Amino acid sequence: MEWLFTLIMNISLGSILIVCRYLIWKKQKISLIRRYHYKRVKDQDRKIYYAEIGVALIIVGLSFIFMWLINYFTNVSYGILVLAVGFVIGMFLFVHAEIKFNRDKF
């Protein structure tokens, strides 16, 4: 029964992040992160900024889903490593985009 709870939580968290990625990247709703970032990003850089933030969110979202799959099918907790690596990569990309497009004001 514990596996069902972790399945629901991981799929929910991953799905929320993937939906946020869609809203930020495709619908350009950057206010989901912080409102003032929309004013600070130059007009010509906005699409690239949205794409980089979207990629970061999808990496973190998918790492939640893959964590559960790996833990469930291997009976070993290697999935937490997948989550940790995905989270670190996603946060690195997110911080990189913030610094790059917000003129070094994070």
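All figures in this text were calculated on a predicted structure; none of them were measured in a lab.
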- With sequence neighbours left out, the residues meeting side chain to side chain contact (heavy atoms under 4.5 Å, CB included) with F92 are none
Show me, pair by pair, the donor-acceptor contacts under 3.5 angstrom made by side chains of residues 8-20, not counting sequence neighbours?
| from | atom 1 | to | atom 2 | distance (Å) |
| --- | --- | --- | --- | --- |
| N10 | ND2 | T6 | O | 3.3 |
| S12 | OG | I8 | O | 2.6 |
| S15 | OG | I11 | O | 2.7 |

- Note on the structure: For residues 86-97, the salt bridge (charged side-chain N to carboxylate O under 4.0 Å, His left out) pairs (sequence neighbours left out) are none
- Item | salt bridge (charged side-chain N to carboxylate O under 4.0 Å, His left out) contacts touching residues 48-60 (sequence neighbours left out) | E52-K100
- Task: Mind checking the CZ-CD1 spacing from F66 to I59? Nearest 0.5 Å is all I need.
- Result: 11.0 Å
- Query: Distance from I58 atom CD1 to I24 atom CD1, nearest 0.5 Å?
  - Reply: 12.0 Å
Donor-acceptor contacts, no H, no angles, side chain residues 79-91, under 3.5 Å, sequence neighbours left out:
none

- Task: For residues L7 and L4, determine if any side-chain heavy atom of one lies less than 4.5 Å from a side-chain heavy atom of the other.
- Result: yes
- Side-chain heavy-atom pair V55, W25 within 4.5 angstrom cut-off: yes
- Full working for side chain to side chain contact (heavy atoms under 4.5 Å, CB included) between I48 and F101: CA-CA 9 Å; I48 299 168; F101 293 108; 3.5 Å; yes
- Taking only residues two or more places apart in sequence or in another chain, which ones pass ring pair (Phe, Tyr, Trp, His ring centres under 6.0 Å) with W68? Y72
- Task: Examine F73 and I70 and state if one hydrophobic cluster contains both, with Ile, Leu, Val, Met, Phe, Trp and Tyr joined whenever side-chain heavy atoms are less than 4.5 Å apart.
- Result: yes
- Task: Output, in order, the C-alpha distance, side-chain angles, deciding distance and verdict of side chain to side chain contact (heavy atoms under 4.5 Å, CB included) for I53 and E98.
- Result: CA-CA 9 Å; I53 296 296; E98 292 295 321; 3.7 Å; yes
